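A quick note: this is a predicted structure, and the numbers were derived from the prediction, not measured. Letters A, B, ... mirror the listed sequences (proteins, then strands); counts begin at 1.
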Amino acid sequence: MKLLVLIDGSMWSHKAAMYALQLARKKEAEIVLFSVLDKRESKAMAFNFCTQSNMCDRIENYESQIWRDMRRSINDEMTQMLIQMGKQKISATSRIVEGNIAEEVVKEANGGGYSLIIMGASGKQARSTLSKLFVNISNEVDIPLFIAH
Amino acid sequence: MGYYSGLIKRKFKDVVGTRYETVQQEYHEFLPTEEELLPREIKKILFPLDISVQGVTDELCDLLGTFEADVSLMYITDAKIYAIIQDALSPQAGEDFRIKKEEYGTSLMDRIETCLEPRGARVHRRMFLGDKIEDVVRATNDYDMIVIPKTYGSHDPASGEVSAISMVLAQSVRLPTVVY
């Protein structure tokens, strides 16, 4: 059994990873922590910052700094999770790709030989909102989706 | 230090310092507590079904069997449609409608039970006239997880797309959810 765990840096995706850990222990499953970084996100953050701070002359610098921070942050998250899984002797790897989040997740889920996708319920949104990603991918993936609440 | 307290400390406590309690309360919508981060132990699973659901896959049965839980199959026939048929045609026509739907329900639940029980799940059945959303949401209080078939309540199950009812359920419940 191979589990695809979607990590976006939110606390809910940590919970998803913990459910994956619980399942992997019972089924001796393999875990793949998967994250997609979308350049449009760093662009949007840089643009918002520049319009609110009136410092748009350095917008490209902000954007590349935000992008580096996003990469570093998700790398740190995944490293912590891999350490936690390693301690429990669970076979786990991580993968970070760049692109459109829904498209990359669907490509990975349908082509990677997975049995289950595990994701947080709300992503980076408020807890009362179901993850937009779920809405975007649920019709496109061929395998069951586990939503961690 | 436990994984969760370490995580919260790394992400928030170290950043907001002594204001952590206030921030935790004000940003409760985004910040789960340590208790909320703990995965739930899955002992009771709710599995709503209707005429639009075609069955289960072996992979899904493997997954549900993993929890060695009690799985409640809840087959619902739409009470409003039943009442409309009784009013518009005849009470007997309403009964015929219900019997036909429930015959399918019995055969569907037989198939699911045959798939789940050898994998360690204990299967229970319920079949009734009701509301496909309200009755399910109400029932979730007694369960640890829900399984929602994509085609549950669908008018076009052949499309295989997530039905509007399944989407509403996925958005309404606050339990770990499997959508297949």
Side-chain angles (χ1 to χ4, degrees), chain A residues 1-3 9-29 73 76-77 79-81 83-85 87-88 114-132 134-149, chain B residues 2-4 6-8 10-12 24 27-42 56-68 119-120 140 144-151 159-163 166-180:
Chain A
M1 194 182 210
K2 196 172 164 191
L3 309 174
S10 70
M11 298 295 264
W12 306 112
S13 69
H14 274 269
K15 191 161 186 179
M18 291 303 107
Y19 272 111
L21 191 58
Q22 196 182 58
L23 273 172
R25 274 199 299 257
K26 290 182 178 173
K27 298 289 283 186
E28 294 182 12
S73 169
D76 289 350
E77 297 284 329
T79 306
Q80 292 289 337
M81 287 175 189
I83 290 170
Q84 180 72 10
M85 288 167 178
K87 279 182 188 166
Q88 304 199 31
Y114 296 98
S115 310
L116 182 69
I117 302 171
I118 306 183
M119 63 188 295
S122 305
K124 290 177 183 167
Q125 300 157 258
R127 69 172 71 210
S128 49
T129 318
L130 184 66
S131 162
K132 278 183 197 157
F134 168 75
V135 178
N136 290 338
I137 67 173
S138 54
N139 278 327
E140 309 296 327
V141 294
D142 306 327
I143 54 175
L145 266 155
F146 183 106
I147 305 167
H149 270 285
Chain B
Y3 179 77
Y4 300 104
L7 172 68
I8 289 172
R10 200 171 68 247
K11 283 183 85 92
F12 299 102
Q24 207 281 327
Y27 291 84
H28 171 253
E29 277 287 295
F30 300 91
L31 183 54
T33 61
E34 192 173 334
E35 293 74 41
E36 284 173 319
L37 276 174
L38 285 170
R40 211 182 249 256
E41 193 181 348
I42 312 291
V56 282
T57 60
D58 284 345
E59 290 74 20
L60 182 75
C61 293
D62 281 342
L63 172 68
L64 299 184
T66 308
F67 301 106
E68 296 174 354
R119 291 168 165 91
T140 54
D144 305 307
M145 187 169 111
I146 182 169
V147 180
I148 307 176
K150 281 184 183 176
T151 57
S159 73
E161 293 195 349
V162 181
S163 72
S166 293
M167 198 56 92
V168 169
L169 279 180
Q171 284 169 337
S172 308
V173 298
R174 292 286 170 266
L175 293 177
T177 303
V178 173
V179 178
Y180 81 96

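For A:S138, the parts lying under 4.5 angstrom from a heavy atom of chain B are both the backbone and the side chain. If you measure heavy-atom distances from A:L116 to chain B, the contacts under 4.5 Å come from the side chain alone. Contacts between B:E68 and chain A at a heavy-atom distance below 4.5 Å are absent for every atom of the residue. Looking at B:E59, neither its backbone nor its side chain comes within 4.5 Å of chain A, counting heavy atoms on both sides.
In terms of heavy-atom proximity, A:M1 sits nearest to B:L63 at CE-CD1, 4.0 Å. Minimum heavy-atom separation, B:L175 to A:H149: O-CD2, 2.7 Å. B:L37 and A:K15 make their closest contact through O-CG, 3.7 Å (heavy atoms, listed as atom of the first residue, atom of the second, distance). Taking each heavy atom of A:L130 and B:Q171 in turn, the nearest pair found is CD2-CG, 3.5 Å. Here the shortest heavy-atom pairing between B:M167 and A:F134 reads SD-CE2, 3.6 Å.
A donor-acceptor pair is defined here as one N or O able to donate and one able to accept, closer than 3.5 Å; no such pair exists between the side chain of B:Y180 and the backbone of A:F146. Checking side-chain atoms of A:N139 against main-chain N and O of B:E161 turns up no donor-acceptor pair under 3.5 Å.
Annotation: B:E41, atom CD; neighbour count of heavy atoms from other residues, nucleotides and ligands within 6.0 Å does not exceed 12. More than 12 heavy atoms of other residues, nucleotides or ligands shown are found within 6.0 angstrom of NZ on A:K26.
The OG1 atom of B:T66 sits 3.5 Å away from atom NZ of A:K27, with the distance rounded to the nearest 0.5 Å.
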